[in-house]
Amino acid sequence: MKMNLPALKVGENSRFLVNQNGEPFFWLGDTAWELIHKLSLAETQLYFQNRIEKGFTIIQTVILAELDGLTVPNANGDLPLKDLDPSQPNEAYFSHVDKIIELANEMGLYLALLPTWGDKFNKKWGTGPEVFTPENARAFGASLAKRYAKHQHIVWVLGGDRVPQDKEDEAIIEQMAMGIREFDKDSLITYHPNGGVIASDIFGKSTWLQVDMFQSRHQKNFREYTFVNKARNRQPVRPVINGEPGYENIPNLLNKWNFQRLDAADVRLSAYWSMLSGAAGYTYGCNEVWQMNTAESTPLFGAHLSWQEALDLPGARQMGILRSIFESLPWQQMHATRQIFAGINWPFSPPKLALSTSDQSCLLIYQSTGSKIKLKIKKGILNNSAVYWINPQNGRVTPTKAKGSNTFYTPNRLQDWLLLILSNKQRDQWHYTSS
């Protein structure tokens, strides 16, 4: 059955995303950079179906891909450009792009679509070649928008893992954005920088930047909350997305020895640190999936599974649990707070993070490690509330109550936990089913 996904827009408070009907949109992305370049349409459908079943809402992929995307043909044997010229798109290649975009809509997935990877305008690393100028970047953006403006399920993502190195690089991005806006007045536009950078660091004054995005480094304990906090304190206010976190099954800090890989616990930490700081969404990534690794590929960063095998690593399923928890709550009416915690929040210790409604009728708290959470909440509120532990590994809910004065002890101190406190009215309205 063909779907017609409603367009996305920035919500009234400028901090979150909603669809055109005003319904909250939870950006749960997956990183599939090489999908357009490497997969057949049948393989794309298999991939989409897996991600739908796990709860993903938006897929991030690239038209002019990173891994020799201009010189190695796609699964159908087609290159994207004639003579490496952005003004001469190859219709056969873009016909395949058309089908992928249409398939995503039919299956109910939004696409965060990168016109190009960053090495096509700034070959700081990667293979390039650099083919963009400000002039042809505008024309390329306009041609894409003219072709795809009828599709409401696209978010445009400029950049592609790059920070502009000079004025020409900046002009290429600005002109590509202007080209898109020439024919697509409505689709959201954001920017994907490289690790440790926020889009608004570079293009904070650009009116086309509607959604702020940052990239965590592929690093354990990156403290994503510092980036969300920094972005949320900027003017103008924009929704913030962690658009490329540390990937599941990638070596820590991309070390060449391929040891100490990031695992599901690292993925959860990054995701909950992002979301409980007030982000509008989160993008999961997997080392084998982003590159669509196969037995015939040259594996990068120690990839050792096929992309099909890696689809079912535990972190991906646990991202669906995260989304289910948030969507069961009035999460877009909640704000990040640390004022509810009693005691000292030591600067070099993993922080306790919390989201709260203004009247504290709904509180969601994340503790990455440790046994005790002590809160500064009036006993009157707690006496008229239901309290639950939620295991973010499997989504299971366990009712509990305070032991002592506003103090809660985690069921197991060796893992991360969520503590949910709901007023009796909120409890009666709470609809959540663990997977």
Partner residues of Ala310 under the side chain to side chain contact (heavy atoms under 4.5 Å, CB included) criterion, sequence neighbours left out: Cys286, Glu288, Val289, Leu305, Leu313
task: Can you run down the salt bridge (charged side-chain N to carboxylate O under 4.0 Å, His left out) pairs that involve residues 298-314, sequence neighbours left out, and say none if there aren't any?
output: Lys54-Asp312
Short side-chain donor-acceptor distance under 3.5 Å, Gln60 and His192: no
- prompt: Just wondering, are more than 12 heavy atoms of other shown residues or ligands nearer than 6.0 Å to CD in Gln339?
  reply: no
task: Go through the structure and list residues passing ring-ring contact (aromatic ring centres under 6.0 Å, His included) with Phe222, not counting sequence neighbours.
output: Phe227
- request: Please identify each residue that fulfils side chain to side chain donor-acceptor pair (under 3.5 Å) with Ser216, with sequence neighbours left out.
  value: Glu224, Asn242
task: Please determine, by modelled atom types, if Gln215 and Asp161 share a side-chain donor-acceptor pair under 3.5 angstrom.
output: yes
statement: side chain to side chain donor-acceptor pair (under 3.5 Å) filter on Gln49, not counting sequence neighbours, yields Glu53
task: For Glu43, enumerate each residue passing the side chain to side chain donor-acceptor pair (under 3.5 Å) test, keeping only those at least two apart in sequence or located in another chain.
output: Ser40
message: Listing request: all salt bridge (charged side-chain N to carboxylate O under 4.0 Å, His left out) pairs with a residue in residues 74-89, at least two apart in sequence or in separate chains.
response: none
message: I need the full list of salt bridge (charged side-chain N to carboxylate O under 4.0 Å, His left out) pairs touching residues 325-337, with sequence neighbours left out, sorted by first then second residue.
response: Arg323-Glu327
- prompt: Do Asn4 and Gln152 have side chains that get closer than 4.5 Å, going by heavy atoms?
  reply: yes
query: Looking at residues at least two apart in the chain, or sitting in another chain, which of them share a side chain to side chain contact (heavy atoms under 4.5 Å, CB included) with Lys99?
result: Leu41, Ser95
task: Not counting sequence neighbours, which residues clear side chain to side chain contact (heavy atoms under 4.5 Å, CB included) with Ala271? List them please.
output: Tyr282, Met319, Leu322
field: Those residues that, when tested against Ala177, pass side chain to side chain contact (heavy atoms under 4.5 Å, CB included) (two or more places apart)
entry: Leu158, Trp208
task: Answer yes or no: is there a side-chain heavy-atom contact under 4.5 Å between Leu113 and Ile101?
output: yes
field: Any residue meeting ring-ring contact (aromatic ring centres under 6.0 Å, His included) with Phe301, in chain and number order, not counting sequence neighbours
entry: none
